[in-house]
There are 2 protein chains.
Amino acid sequence: MATTRDSILSAAGELLDQAGPDGVTLRAVAHIAGLSHNAPYKHFQDKEALLAAVAAKELRTRGAAMAAVLAKAADPLSALRRLMHDHVRWAMRYPHRFRLIFGRWDRYDDDLGEAAEATRRLFVESIAVARSNGLIEPGDNERTAALLMSLTHGAIDLALDGHLAADGKGRSNPCDLIDDLIDLLAPAISPARARRRSR
Amino acid sequence: MATTRDSILSAAGELLDQAGPDGVTLRAVAHIAGLSHNAPYKHFQDKEALLAAVAAKELRTRGAAMAAVLAKAADPLSALRRLMHDHVRWAMRYPHRFRLIFGRWDRYDDDLGEAAEATRRLFVESIAVARSNGLIEPGDNERTAALLMSLTHGAIDLALDGHLAADGKGRSNPCDLIDDLIDLLAPAISPARARRRSR
DNA sequence: ACCTGAACACCGTTCAAGT
DNA sequence: ACCTGAACACCGTTCAAGT
């Protein structure tokens, strides 16, 4: 059964995808859910709280998707690569969800923070596995996670606003850049790296 | 002499820094500039065009600042490093200008696009210099520029929303991550790299 | 508990005038 | 050319009632 709260939440998600956070007006949300224009206030404190709930829901979905990708991967390094590529595909398809999720959570003692922490740990863990197998040069796992996450995040953000696909020669989409960084992180002797380099 | 257009522009910049793009109401802008609430419409087509003008102005200022940093640097590699660190400092201090500048320009055949292209070229050029001096491993300059720019952009964006400084151990701020990537890009034999690694 | 309708303050934008 | 004041549609939010 779909509770009123759920139908409000899914209406908000729908509007978010179509028109971004500014397009998520409480009036439109209520209308889609078949309610009066201020019924949402009975379920969420205000617009910000509604968007935070949408973010929390999407974040949990992403965490499950990441776990599924990890489960299917052959080796730790390709698992890492698939994880990032999958993240890129999701972000390019749902740009407003991507930007919403990476906004500020400070004000919400919700499960939003812990859901994010869980997916982050999953990511750090998969780096730790690749490193302990000697597929990545020595270093701090948290630090390497921050490096790879920052690159992925920045490449996506730039690509979404059309600041990456500019040129013909050094054509660089987010997935290419992620591969570049993973190659840099892999030990110099790695045959996979040599193969990539020679292309 | 400060034209009316200039005073509108600087009022908009002031409001942007204080309260973000949503805080830049045309009414508040006009009030600060000492004009009636819709006088801005005589100088800018709409709110979006006003913000685009603010972005273009800031972008030119940034280009000049970057050129100044490059002129002062000792060697090509430290020039690159200083460039990125300076970019981080600016972005952390003026987050709303940072986000505005990296938004979409498509709709504006203004000088916005060319100003951005000019600063990008400056950046690619400084990579080319470092590479031709053997301070960076072989590769495509545009591609390496995209890699370094994406990492910097992503690290800043994550840091601004509090998603980077999480931990005590692998503590990573944008400048640390930039240094990590530059070290990875530098030839393995480089003594500077060995020094950094051992810390 | 959950929902509705009226109301308030605010904002972007337009228009008819004014100088 | 540049500015003003009134007006319209829209939005977040609050409140007094309804069931």
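Order of the sequence lines fixes the chain letters, A, B, ..., with proteins taken first and strands second; residue numbering starts at 1 for each chain.
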message: Over 60° means perpendicular and under 30° means parallel, so tell me whether B/His153 and B/Phe98 are parallel, tilted or perpendicular.
response: tilted
- prompt: Over how many whole Å does the gap from A/Asp46 atom CG to D/dT14 atom P extend?
  reply: 8 Å
Could you go through nucleotides 1-4 of chain D and list every protein N or O atom that sits under 3.5 Å from one of its N or O atoms, giving the distance for each pair?
| residue | atom | partner | partner atom | Å |
| --- | --- | --- | --- | --- |
| D/dC3 | OP1 | B/Thr4 | OG1 | 3.4 |
| D/dC3 | OP2 | B/His43 | NE2 | 2.8 |
| D/dC3 | N4 | B/Lys42 | NZ | 3.3 |
| D/dT4 | OP2 | B/Ser36 | N | 2.5 |
| D/dT4 | OP2 | B/Ser36 | OG | 2.8 |

- prompt: B/Arg131: what forms a salt bridge (Lys or Arg N to Asp or Glu O under 4.0 Å) with it, not counting sequence neighbours?
  reply: none
message: Output the rounded distance in Å from CZ (B/Arg27) to P (D/dC11).
response: 16 Å
field: Length of the CZ-P vector between A/Phe44 and D/dT13, whole Å
entry: 14 Å
Length of the line joining A/His31:NE2 and C/dG5:P, which is rounded to integer Å: 12 Å
task: For the residue pair A/His96 and A/Pro21, establish whether any side-chain heavy-atom pair is separated by less than 4.5 Å.
output: yes
- request: For A/Val24, answer base if it contacts any base atom (sugar-phosphate contacts may also be present), sugar-phosphate if it contacts only those atoms, and nothing otherwise; contact means non-hydrogen atoms under 4.0 Å.
  value: sugar-phosphate
query: Can you tell if the side chain of A/Leu177 reaches within under 4.5 Å of the side chain of B/Leu151, non-hydrogen atoms only?
result: no
query: Side chains of B/His163 and B/Asp157: donor-acceptor distance under 3.5 Å anywhere?
result: no
message: If I take atom OH in residue B/Tyr41 and atom P in nucleotide D/dG5, what distance separates them, rounded to the nearest angstrom?
response: 17 Å
- request: Apply side-chain contact (heavy atoms from CB on, under 4.5 Å) to B/Leu148 and B/Phe123, showing your working.
  value: CA-CA 10 Å; B/Leu148 197 41; B/Phe123 179 54; 4.0 Å; yes
message: Please tell me whether B/Leu26 and B/Ile32 are part of a single hydrophobic cluster in this structure, the criterion being side-chain heavy atoms less than 4.5 Å apart.
response: yes
- prompt: Does a donor on one side chain sit under 3.5 Å from an acceptor on the other, for A/Asp75 and A/Ser78?
  reply: yes
message: Looking at A/Arg99, I'd like to know if its CZ atom is crowded, meaning that more than 12 non-hydrogen atoms belonging to other residues, nucleotides or ligands lie closer than 6.0 Å.
response: yes
- request: Let me know the distance between NZ of B/Lys47 and C1' of D/dC11, rounded to the nearest Å.
  value: 13 Å
message: Just to be sure I understand the geometry, which residues of residues 10-22 of chain B put a non-hydrogen atom under 4.0 Å away from DNA chain C?
response: none
query: Tell me, which stems hold DNA chain D, with a stem being 3 or more Watson-Crick or G-U pairs in a row and both distances under 3.5 Å?
result: C:4-8 with D:12-16, C:12-16 with D:4-8
message: Show every salt bridge (charged side-chain N to carboxylate O under 4.0 Å, His left out) that has at least one partner inside residues 12-26 of chain A, sequence neighbours left out.
response: A/Asp17-A/Arg97
query: A/Ser36: what forms a side-chain contact (heavy atoms from CB on, under 4.5 Å) with it, not counting sequence neighbours?
result: A/Asn38, A/Ala39
